[in-house]
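Here the structure is laid out as structure tokens; the discussion comes afterwards.
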Amino acid sequence: MAEALAISGLICSYGAVRVLHGVDLVLRKGEVLCLLGRNGAGKTTLLKAIMGLVPADAGSIRLGDRELTALPAHQVPKSGVAYVPQGRRLFAELTVAENIEIGLMARGTGKATRDAVLDLFPVLRERLGQRSGTLSGGEQQMLAMARALSIEPQVLLLDEPTEGLMPSMIDRIREAVAELRRRGVSTILVEQRVDAVLPVADRVAFIENGRNRETVEVAALRADPGMVRRYVGVG
Ligand SMILES: Nc1ncnc2c1ncn2[C@@H]1O[C@H](COP(=O)(O)OP(=O)(O)OP(=O)(O)O)[C@@H](O)[C@H]1O
Ligand SMILES: [Mg+2]
């Protein structure tokens with residue numbers, strides 16, 4: 001299957017402390033690939049490295065024939081990679097409409113994109129004039145996803161999008177991920193809980209101590225639930 005993103009031998013550090021020790025990971029076109037791993041395993045760092053927010057000491061991150069590690073961070077979204085960070089990070093003083101506008105401007109997408117994004121999250125359409133800081137947690141997560149999608153990404157990186165949300169909101173986020181998959185977006189999804197990812201993921205990569213220990217099809221995981229316990233300690 002064609003590759004959307006190919007990471008090999010990726011090494012990243014914060015100052016003198018090495019956090020990623022040679023990560024190899026392939027995101028296939030059109031799949032939802034879930035990253036599971038303990039707190040501090042390096043999942044967020046891996047997403048940041050893809051976005052150019054943490055420099056690579058060595059290794060490669062290829063998007064098609066483009067080498068992302070060679071790009072300045074502001075060029076990565078322009079190449080078609082969108083990122084919804086852990087903890088959302090909206091511009092709290094800006095309205096819903098303004099937050100989405102920032103995404104549209106970043107890549108020069110327009111009204112059709114805006115409409116498509118709002119169709120995915122109709123609740124935002126009712127709140128375009130509301131300051132984003134006053135949205136509920138679930139609404140903020142939807143806006144963070146909407147802003148990311150407004151660049152019309154080929155690749156979407158979601159860092160714990162369901163953290164702290166109630167089950168009905170989790171379902172909506174999950175439906176949005178499934179709908180994006182139908183639209184051909186390739187997604188890397190970081191989640192803590194395996195039961196949250198099994199319904200939407202195609203494959204799961206187990207990140208442990210800054211390495212990808214194993215990437216498995218979801219069907220294989222269902223057949224061997226002990227795998228989750230081995231790498232994540234719960235399950
Ligand atoms: N800015 C930073 N400076 C120094 N060390 C950092 C920084 N950000 C993360 N780290 C360290 O890097 C390691 C990996 O952190 P990371 O946030 O990537 O883990 P994670 O797998 O996303 O964990 P979690 O499940 O808790 O979100 C941790 O030991 C963390 O303390
Ligand atoms: Mg994290």
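We count ligands from 1, going down the list as the structure has it; atoms in each ligand are counted the same way. Scope of the values below: all heavy atoms of this structure, side chains included, with no hydrogens, waters or symmetry mates.
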*Short question: side chain of Ser79, backbone of Gln75 - any donor-acceptor pair under 3.5 Å?*
yes
*Heavy-atom closest contact (Cys12 atom, Thr45 atom, distance)*: CB-CG2, 4.4 Å
*Closest approach of Gln154 and Leu63, non-hydrogen atoms and distance?*
NE2-CD1, 4.4 Å
_For Arg183, all residues meeting side-chain hydrogen bond (donor to acceptor under 3.5 Å, both in side chains), sequence neighbours excluded_ = Glu179
*Would Ser60 and Glu67 count as having a side-chain donor-acceptor pair, cut-off 3.5 Å?*
yes
*Would you tell me whether Ser13 and Asp57 have side-chain atoms, one donor and one acceptor, within less than 3.5 Å of each other?*
yes
*Using the ring pair (Phe, Tyr, Trp, His ring centres under 6.0 Å) rule, collect all pairs that involve residues 181-223, keeping only residues at least two apart or in two chains.*
Phe206-Tyr231
Short N or O contacts of ligand 1 with protein, under 3.5 Å, listed by atom name?
from	atom 1	to	atom 2	distance (Å)
ligand 1	8 (N)	Tyr14	OH	3.4
ligand 1	18 (O)	Thr45	N	2.9
ligand 1	18 (O)	Thr45	OG1	2.5
ligand 1	19 (O)	Gly42	N	3.4
ligand 1	21 (O)	Ala41	N	3.2
ligand 1	21 (O)	Gly42	N	2.9
ligand 1	21 (O)	Lys43	N	2.9
ligand 1	21 (O)	Lys43	NZ	2.8
ligand 1	22 (O)	Thr44	N	2.9
ligand 1	22 (O)	Thr44	OG1	2.7
ligand 1	23 (O)	Gly40	N	2.8
ligand 1	25 (O)	Asn39	ND2	3.1
ligand 1	25 (O)	Lys43	NZ	2.8
ligand 1	25 (O)	Gln192	NE2	2.9
ligand 1	26 (O)	Asn39	ND2	2.9
ligand 1	27 (O)	Gln86	OE1	3.3
ligand 1	27 (O)	Gln86	NE2	3.1

*Quick one: are Glu175 and Leu120 in side-chain contact, heavy atoms under 4.5 Å?*
no
*Which protein N, O or S atoms lie under 2.8 Å from the Mg ion (ligand 2)?*
Thr44 OG1, Gln86 OE1
*Please test Arg230 against Asp224 for salt bridge (Lys or Arg N to Asp or Glu O under 4.0 Å), starting from the C-alpha separation and ending with a verdict.*
CA-CA 11 Å; Arg230 280 203 297 284; Asp224 178 11; 3.7 Å; yes
